[in-house]
> 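For reference, the structure I am asking about is given below.
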Amino acid sequence: MNYILSIDQGTTSSRCIAFDEQLKASFTAQREFKQIFPNEGWVEHNPLEIWNTQLEVIQEVVNHCGVDNIVGFGITNQRETTIIWNRTTGIPIYNAIVWQDRRTSDYCSSLSANWKEKVQAKTGLIIDAYFSASKIKWILDHVEGARLLAENGDLCFGTVDTWLLWNLTKGKRFKTDTSNASRTMLFNIQTMEWDNDLLDLFDIPKSILPEVCDSNSSFGESQKELFNKPIPILAILGDQQAALFGQQCIQLGDIKCTYGTGCFMMSNLGSELMISDQSLLSTVAWTIDGKTDYALEGSVFVGGAVIQWLRDELNFFEKAAESESLAREVEDNGGVFFVPALSGLGAPYWDQFARGMIIGISRGTTKAHITRAALEAIALQVGDLYQCMEKASPAKEIVLKVDGGATENKLLMQIQADVIQQKICKNQEKESTALGAALMCIKNKQTLNLNYNHSEVWEAFVPVLSKTSADTMIKKWHNAVHRSQRWLLDISVEDD
Ligand code: ADP
């Protein structure tokens with residue numbers, strides 16, 4: 001039996017998943033690691049802990065499958081998270097600054113409107129602390145001696161894929177793929193090169209950047225001593241792009257949405273790059289054999305996290321899954337709407353000053369109504385994104401494919417189909433992200449002669465709510481969102 005191993009390095013855990021010749025996930029190992037919050041809005045990881053937990057889970061899976069049965073590794077990873085290390089010693093000079101970290105928000109807001117336009121045209125991204133560029137600048141500006149080392153060519157910057165590759169190959173390979181590069185805000189997705197203007201803007205020396213390769217490149221081999229035998233690294237793909245590939249969204253107009261802590265929607269744009277005027281990001285989906293596909297992306301900050309909040313802070317239930325039976329106790333939301341802007345609102349509102357709100361509460365409101373409103377809020381936020389994607393997408397026919405932990409909730413999926421008034425498809429293979437990395441491995445020339453079969457089983461949800469009722473619900477939702485917007489700003493204006 002041959003296995004491809006997906007190295008799935010996420011925000012809260014390192015995982016390794018073995019895929020068999022039918023591309024079924026047959027064995028998984030997982031380790032959580034520490035989230036470090038040094039200041040309000042700061043989020044860090046220890047890069048050595050990322051590497052050590054990842055190495056442990058890979059070793060566990062290699063031992064389980066037998067090293068001789070392993071064809072190769074595909075890497076998929078949390079994107080944008082920024083690590084800088086010493087080229088000679090391999091030791092990080094600072095913790096990894098995680099994508100969620102907001103420490104460079106003020107700096108990003110201070111950049112001129114002129115730059116905002118230029119950055120979007122070059123990178124497809126909206127200037128924000130989310131992306132790597134301002135995080136790299138922060139490390140170079142704040143870690144003693146870093147700038148001098150960088151200017152002397154003694155430092156390496158990598159997103160997590162590059163860091164893992166460097167460690168797997170013991171410093172022999174310093175590379176990334178186009179999907180990860182496109183999230184740094186330093187990579188020009190028109191020319192497919194690091195952009196000198198952006199490097200100047202953020203004051204970052206080019207020497208610290210890795211080489212950018214196709215997603216299905218041969219990235220090198222792991223060092224022999226790690227697993228008793230070198231294992232080839234056959235693919236690298238950022239996590240959301242991997243989920244898009246894993247869901248087989250390979251045609252123009254195919255859309256996937258991953259429902260985890262947040263919700264991440266991505267649609268395949270094909271080979272024509274389009275810059276969105278719908279507040280969506282344009283990004284590289286992948287590059288296969290020199291051919292790049294682009295994607296549009298939109299995200300909801302609080303998706304499944306709203307259910308976590310009801311569970312942990314309001315003690316509504318013990319397990320997230322119980323939200324479904326509780327919400328089913330009532331026929332509808334009883335007039336309650338929940339705007340889960342717990343950390344502001346993402347696309348299409350982009351309002352960091354909005355805050356959460358539950359409105360429409362009456363004497364008869366119960367936990368069940370609020371829980372139902374929370375599930376509806378997930379679907380309504382995703383519905384807003386879907387509408388933007390529909391408007392922006394050149395495709396005539398659009399199919400929404402869903403994955404992620406919260407898609408286990410059938411009521412949520414039904415509400416989702418009702419909100420968008422379209423059929424949605426859920427893949428029975430839960431591990432779309434890891435599967436995407438494995439599928440990318442079989443696009444590598446080293447594996448082309450191997451025989452892989454991949455069949456998919458889908459569960460469909462079709463709308464049962466009338467269009468009129470759906471429209472009314474969406475109207476009320478927008479009304480509620482409107483009332484939650486700029487909440488922090490309005491208060492501070494009054495205080496002044
Ligand atoms: P992540 O990869 O972001 O950690 P997962 O894909 O594991 O997320 O999904 C976990 C999220 O989904 C949590 O926020 C949890 O509250 C939510 N969730 C999990 N199961 C359910 C469910 N049955 N109903 C509603 N939400 C759920």
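Both counts, for ligands and for their atoms, begin at 1 and track the order of listing. What you see below is based on every heavy atom in this structure, not just the backbone, and it leaves out hydrogens, waters and symmetry mates.
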> Among residues at least two apart in sequence or on other chains, which ones pass salt bridge (Lys or Arg N to Asp or Glu O under 4.0 Å) with Arg102?
Asp128

> Run down the list Ala406, Ala305, Gly10 and name the one with the heavy atom closest to atom 27 (C) of ligand 1.
Ala406

> Strictly less than 4.0 Å: does any protein heavy-atom distance to atom 6 (O) of ligand 1 fall in that range?
yes

> At under 4.0 Å between heavy atoms, is it the side chain or the backbone of Ser323 that contacts ligand 1, or both, or neither?
side chain

> With a 4.5 Å heavy-atom cut-off, do Gln248 and Leu439 have their side chains touching?
yes

> Measure centre to centre between the rings of Tyr349 and Phe301, then say whether the value is under 6.0 Å.
no

> Looking only at protein heavy atoms, identify the closest one to atom 4 (O) of ligand 1 and say how far it is in Å.
Thr261 OG1, 3.6 Å

> Please confirm whether Gln308 comes under 4.0 Å of ligand 1, counting heavy atoms of the residue only.
yes

> Minimum distance, heavy atoms only, to atom 14 (O) of ligand 1: which one of Gly304, Cys263, Gly262, Gly404 is it?
Gly304

> Any idea which of Ala374, Ser432, Gly405 brings a heavy atom closest to atom 20 (N) of ligand 1?
Gly405

> Asp471: which residues meet the side chain to side chain donor-acceptor pair (under 3.5 Å) condition with it, sequence neighbours left out?
Lys467

> Side chains of Lys256 and Asp403: does their closest heavy-atom pair fall under 4.5 Å?
yes

